[in-house]
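Only this structure's heavy atoms are used, side chains among them; waters, hydrogens and symmetry mates stay out.
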Amino acid sequence: CVPLDLFGGFENRPMSQEAIDYISYTGTDDRFQTQRTYSLNFSGDLFEMPAGTVGMAIGGEYREERGGDIPDPITNGGDTTGNKREITKGFFDVTEAYLELLVPLATGFEASLAVRHSDYSNFGTTTNGKIGLIWNVNDQLTVRGTVSEAFRAPTINNLFGGNSDSFPSATDPCDTDPDNGGPRSANEDANCTADGVPSGYVDARTQLKTVVGGNPGAEPETADTFTFGLVYQPAWAEGFAVTADWWDIELENAITNVGINVILSGCYDVPSSERRFCDRVTREGNNFLSLVDNRTGNAGGVVASGLDTTFSYDMDSSVGDWRFNLDITYLDEYTREEADGSLTVGKGYYDLGVFAELKYNFNVNWRRDDWMVNYNMRYIDSFTECEDDNCQGFENSDSSDDPLFRKVDDYFQHDLQIAYGLDFDGMGQGQITLGIQNLLDEDPPRVYNGFISGTDTANYDYLGRYFYLSYNHQM
């Protein structure tokens, strides 16, 4: 044991290396993920029809999934300044059989049929099918559509993930400090009072402790999907093509985390008769909000629809080959149904993350001999974020429920790559690439409800402009 002076300062009484060594430790984690698969597949032609040959694929598969995360004993016990993390360990297996058919119905018109039966060791059986139609109207136009069922089982981490601490950005709805989200709204005041929290209660924290982890009771999620689209390659514009696909997804029993702000808003910022998620909120005897349970579960479902459109143009020139590509995604709807049947609208709001109405990528690629230059521009439309990630008041007719809100700016990011190819004859090919990410050093938009760097790091670059050099070799 070595005495440690925490208040001596660096210059007056600095900590000795022996004292630092005494309170420090080297953690050792053990993580593993294994998948063992046995499969048998057959494919070929079945028989002739007037419009062509019927093709078939049939097969089966047995798959074992194992995974684990064994943290250092000190981390597992919570005896560290970092977050506590418990052991994750689990296993399941699945046996599947499938059948696929490609049936020509008429000249240029064919149907694809598929069915898959799955038997999970921990969920039981499920059978899902798909019907697709493709019509080649002529050499320029193709029309396509699909109706299908989808099934996604929880992962090892969804099911058996050990509990761990997290401290996301959030404030206690019962806090009355005007500098930290106060004063309370009428609903918050009524519900906090009902829970015994006094009117003058103050909690200055801007991060609250939550527990996250797996849930053995998590169930599979299912979905019905519909897509309809076309591909147009006009003869009058050689090299030009456009594809457009409308998609509609209805997902049920979604595997997800509800989110701390949704939990707190659902418990406090609603009329008393509509309170939900309060069983996930723990308060101590002194009214201190000590824990929010945000472990994985099934939260109703998701209804989403939109339009994906791609414009592409290939052009040869005396200075090289060009390819221009524009991908546009229009989000028509994104709404999540919570476990109690209430709806959370995600489109245009940050309550569920970045679900902007419009996103697109514009890409220009140039090649000549061994040289290649690629430019990409990425765009994300603006949206609204609200206090405590609760913009749902805008969806009500009563304007008095409107929350505090702000507009998050739209975002452009420009990236550039320059590459040179190398040929080593019988030793393979290599490529040297110099890249500049975030060419114009664009700052990410401020997202106050984002946990890291005051933004949403899953969608925006927060490192600023940076350069990289890479080499890739293939034999």
Side-chain angles (χ1 to χ4, degrees), residues 82-83 164-173 175 177 179-182 203-213 254 256-266 268-269 277 280 289 291-296 299 302 304 329 331 334-336 338 344-361 378-395 402-415 437-438 440-466:
N83 291 345
S164 61
D165 295 337
S166 181
F167 292 86
S169 297
T171 59
D172 187 341
D175 176 37
D177 185 354
D179 294 329
N180 195 39
D203 185 342
R205 292 177 297 166
T206 57
Q207 292 177 276
L208 301 180
K209 182 179 179 180
T210 67
V211 57
V212 295
T256 186
N257 300 93
V258 176
I260 183 172
N261 287 308
V262 175
I263 292 171
L264 294 176
S265 296
Y268 290 101
D269 197 19
F277 304 133
R280 293 173 174 256
L289 199 163
L291 187 67
V292 177
D293 185 350
N294 192 31
R295 286 177 291 185
T296 300
V302 173
T329 296
L331 184 63
Y334 191 94
T335 302
R336 188 173 76 184
E338 308 297 349
T344 301
V345 177
K347 176 191 172 183
Y349 303 129
Y350 190 66
D351 292 15
L352 303 177
V354 179
F355 291 97
E357 183 177 50
L358 186 65
K359 296 181 180 181
Y360 65 76
N361 281 284
R378 184 163 64 96
Y379 171 79
I380 300 177
D381 200 4
S382 63
F383 54 89
T384 300
E385 73 164 334
C386 300
E387 182 183 17
D388 296 330
D389 271 339
N390 184 25
C391 289
Q392 301 312 302
F394 291 120
E395 298 299 313
D402 287 356
L404 296 175
F405 69 95
R406 60 181 291 272
K407 178 183 177 182
V408 177
D409 294 335
D410 53 7
Y411 177 74
F412 290 89
Q413 180 177 317
H414 306 264
D415 305 318
Q437 201 81 359
N438 197 353
L440 301 184
D441 200 21
E442 182 76 17
D443 291 331
R446 175 71 65 184
V447 181
Y448 286 103
N449 289 323
F451 180 55
I452 301 176
S453 300
T455 188
D456 187 293
T457 57
N459 289 274
Y460 304 113
D461 175 76
Y462 62 97
L463 297 178
R465 181 195 300 119
Y466 63 91

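By the ring-ring contact (aromatic ring centres under 6.0 Å, His included) test, Tyr350 is found to be paired with Phe383, residues two or more places apart in sequence or in another chain being considered. Listed by chain and residue number, nothing satisfies the ring-ring contact (aromatic ring centres under 6.0 Å, His included) test with Tyr448 (two or more places apart in sequence, or in another chain). In this view, Gln413 and Arg378, Tyr411, Asp415 satisfy the side chain to side chain donor-acceptor pair (under 3.5 Å) rule, not counting sequence neighbours.
When the options Val211, Thr210, Val292, Ile260 are evaluated for a side-chain contact (heavy atoms from CB on, under 4.5 Å) with Ser166, the one that passes is Thr210.
For the atom pair Asn438 CG and Leu463 CG, the distance stands at 9.0 Å (nearest 0.5 Å). We find the NZ-OG1 distance between Lys407 and Thr384 to be 8.5 Å, quoted to the nearest 0.5 Å. Annotation: the span from Asn390 atom CG to Asp269 atom CG amounts to 5.0 Å, rounded to 0.5 Å. Going from atom OG1 of Thr206 over to atom CG of Asp172 covers 12.5 Å, rounded to the nearest 0.5 Å.
Asp409 contributes no side-chain N or O that, together with a main-chain N or O of Pro445, makes up a donor-acceptor pair within less than 3.5 Å. In this structure, the side chain of Thr296 engages the main chain of Gly213 through a donor-acceptor pair within 3.5 Å. Counting only distance, with no hydrogens or angles, the side chain of Asp381 and the backbone of Asp410 share no donor-acceptor pair below 3.5 Å. Checking side-chain atoms of Asp456 against main-chain N and O of Gly450 turns up no donor-acceptor pair under 3.5 Å. Proximity of a side-chain donor or acceptor of Asp175 to a complementary backbone N or O of Asp203 within less than 3.5 Å is detected. Without hydrogens or angle criteria, Gln207 side chain to Phe167 main chain gives a donor-acceptor distance under 3.5 Å.
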Under the side chain to side chain contact (heavy atoms under 4.5 Å, CB included) rule, what do Asp461 and Tyr466 come out as? Steps first, then yes or no, please. CA-CA 11 Å; Asp461 175 76; Tyr466 63 91; 3.9 Å; yes
Passes side chain to side chain contact (heavy atoms under 4.5 Å, CB included), Arg336 versus Thr256? Steps please. CA-CA 11 Å; Arg336 188 173 76 184; Thr256 186; 3.7 Å; yes
Take Tyr349 and Thr344 through the side chain to side chain contact (heavy atoms under 4.5 Å, CB included) test and state the conclusion after the steps. CA-CA 10 Å; Tyr349 303 129; Thr344 301; over 6 Å; no
Stepwise side chain to side chain contact (heavy atoms under 4.5 Å, CB included) test for Leu289 and Leu264: CA-CA 11 Å; Leu289 199 163; Leu264 294 176; 4.0 Å; yes
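Atom OH of Tyr379 sits in a crowded spot, with more than 12 heavy atoms from other residues, nucleotides or ligands closer than 6.0 Å.
Contact of the Thr457 side chain with the Thr455 side chain is registered, since non-hydrogen atoms from C-beta on lie closer than 4.5 Å.
In plain terms, the two heavy atoms of Asp293 and Ile263 that are nearest each other are O-CD1, 3.4 Å.
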